[in-house]
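Here is the structure we will look at.
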Amino acid sequence: MPLVYAGVCSHAPGITGRAHLAQRSQRDGVHTAFEQMRLDIEATKPDAIMMIAAEHFANFFMNNMPSFAVGMADFYDGPIEDPEWLKIDRFRAPGNRDLSLRLITEMMNSVDVAYAEEWLFDHGIAVPLSFLTPKWDLPVIPVNINCQGPPLTPLHRAWAFGDAIRRAADSVPERLALVGTGGISHWPATPDSGKINEDWDRDFLDRWCRNDKDALLDYDDLTVYADAGQGGFEIRTFVAVSAAALGATGRVRFYEPVPIFAVGCTVADYQLAEVPS
Amino acid sequence: MSLYYVQKFLFEINRDPAVQERYRADRHAAIASFELTDEEAAALTKPDIGKLFHLGVNGQILMHFAAFHQIEWADYLQQMRDGIDAYGPVREGVYAITGYEGTEAHTERLMQEGSD
Ligand SMILES: [Fe+2]
């Protein structure tokens, strides 16, 4: 069945972990935006939510780094970080091994993906899900693109991967919601934490909303690093969602730079053709 | 230099409570099986967060090691800055690709290069 939802959001650990240090109005604004995203996703009655994240050396390391990985388990535990630090209690999120297996099998026809029958969620997935499925009651299909350990997954391969996700979703009867997380410009966990390039973010979101493939792939890593920090490498997850949404037009539902969260907090989605329930 | 093994140890201690226990009991024994220089071993056991950042450890790995040592967020950021001041630009790894010499100097240089 065609994707029932395709959107993107931030995943910075500060959004939950340093919420108490933020101005109340800023924190409430971000949390309300996630709440709206939850309602939008729930309205599409998904059977599962596929989370494309750029994980941060929680499961995948430079001893064996896949360009793409997809989870294939009936449950996933998290957070891998100290729950006190992330301010997210330990959880077990449901998966759907059988659905994962069918999706991965279809994806492998066009993209070489690694699969993982174990996966500990880090903030890349846990922060957004703590808002989007706060009861941990919707099966999750975790997905990773290597945005951390160079050589990174090329952007045009992230696009091809998004194409593969769309074809895989089309091939199964389940209703699948797709969420890409990360970015946009930021310098996470470095002395520059809190620096945000709002102009760069807005220009990127404009390309994303137009679903302009050429413009979205017209970045090179050195320039991204200079303009948007190493956190900017995570645009790969957004690019994959663009490809998966196949030409749909997007809209920015929320954008606000919040230095204590270390990102311009973002929620955006594509306007997909209605899928009958 | 063996940045890979420095980060490998940190990757393991970040995700494995058993490694955390070993490190608490005997820091030097916990890192003994990793191929490290004396400088790297000293930075991991002290710990010297600023030195580890200078050596090129990714912040996504380093911030959890700092939290494990009960270092508050603002102090963690400051210790990295102090490390750059004391030891010089980041030597290796993802931050070194454009040469990382500290927040202000780095931004200034990149902006100058951009306007050239
Ligand atoms: Fe991230």
Side-chain angles (χ1 to χ4, degrees), chain A residues 12-14 17-18 20-21 54-65 77-86 118 120 122-124 147-152 186-195 197 220-234 259-262, chain B residues 3-12 14-17 20 49-50 53-54 57-74 76-85 90 92-107 109-114:
Chain A
R18 295 192 294 279
H20 59 293
L21 299 177
E55 74 131 49
H56 318 78
F57 312 111
N59 303 271
F60 307 108
F61 188 69
M62 281 72 81
N63 58 347
N64 197 358
M65 181 64 86
D77 291 334
I80 192 167
E81 297 94 341
D82 179 359
E84 275 296 303
W85 180 85
L86 192 58
E118 275 183 69
L120 295 171
D122 80 350
H123 63 266
C147 306
Q148 304 292 350
L152 305 176
H186 62 313
W187 286 254
T190 73
D192 297 295
S193 176
K195 193 161 115 182
N197 187 341
D220 69 89
D221 284 344
L222 276 181
T223 314
V224 168
Y225 183 84
D227 292 341
Q230 87 283 358
F233 297 152
E234 294 181 342
I260 190 63
F261 293 166
Chain B
L3 177 61
Y4 173 78
Y5 288 105
V6 176
Q7 298 201 100
K8 182 81 190 299
F9 170 72
L10 293 172
F11 165 72
E12 293 194 357
N14 284 346
R15 72 196 311 277
D16 188 348
Q20 292 164 17
I49 299 297
F53 185 69
H54 161 76
V57 173
N58 193 301
Q60 298 287 357
I61 296 175
L62 189 56
M63 69 173 166
H64 301 302
F65 190 58
F68 170 78
H69 283 287
Q70 313 291 328
I71 297 168
E72 292 295 329
W73 183 249
Y76 161 66
L77 300 181
Q78 190 56 45
Q79 288 181 22
M80 288 187 289
R81 292 187 191 108
D82 293 346
I84 295 302
D85 287 345
V90 173
E92 209 187 330
V94 72
Y95 308 121
I97 58 176
T98 57
Y100 189 88
E101 63 275 70
T103 303
E104 287 83 17
H106 191 63
T107 305
R109 182 169 58 74
L110 291 179
M111 282 172 71
Q112 260 174 10
E113 280 173 11

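This one's a predicted model, so the numbers in the text were calculated from it and none came from an experiment. Chain naming here is simple, since letters A, B, ... match the order of the sequence lines and numbering starts at 1 in each. All values below come from the heavy atoms of this structure, side chains included, with hydrogens, waters and symmetry mates left out.
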Rounded to the nearest 0.5 Å, the CD atom of B/Q20 sits from the CG atom of A/D82 at a distance of 8.5 Å
_Strictly distance-based, threshold 3.5 Å: is any side-chain N or O of B/Y95 a donor or acceptor partner for the main-chain N or O of A/Q230?_
no
Output for pair (B/N14 CG, A/H56 NE2), nearest 0.5 Å, gives 13.0 Å
- Sub-4.5 Å side-chain heavy-atom contact between A/S193 and B/M63: no
Rounded to the nearest 0.5 Å, the CE atom of A/M62 sits from the CD atom of B/Q7 at a distance of 4.5 Å
Taken to the nearest 0.5 Å, the spacing of A/T190 OG1 from B/L77 CG works out to 7.5 Å
Check: A/N59 and B/R15 side chains under 4.5 Å, non-hydrogen atoms:
yes
Exactly one candidate in A/F61, A/F57, A/F60 meets ring-ring contact (aromatic ring centres under 6.0 Å, His included) with B/F11; the answer is A/F61
For this session: Please examine the side chains of B/Y4 and A/N63, heavy atoms only from C-beta on, and report whether any two atoms are closer than 4.5 Å.
Result: yes
Ranked by heavy-atom pairs below 4.5 Å to chain A, first place among B/I84, B/L10, B/N58 goes to B/N58
A/P191 meets the side chain to side chain contact (heavy atoms under 4.5 Å, CB included) criterion, sequence neighbours left out, with B/F53, B/M80, B/R81, B/Y100, B/T103
dist A/W85:CH2 -> B/F68:CZ (nearest 0.5 Å) comes out at 15.0 Å
Cut-off 4.5 Å, heavy atoms of chain B, and the answer for A/E84 is neither
Okay, A/L21 and chain B: the region with an atom under 4.5 Å from a heavy atom over there is neither
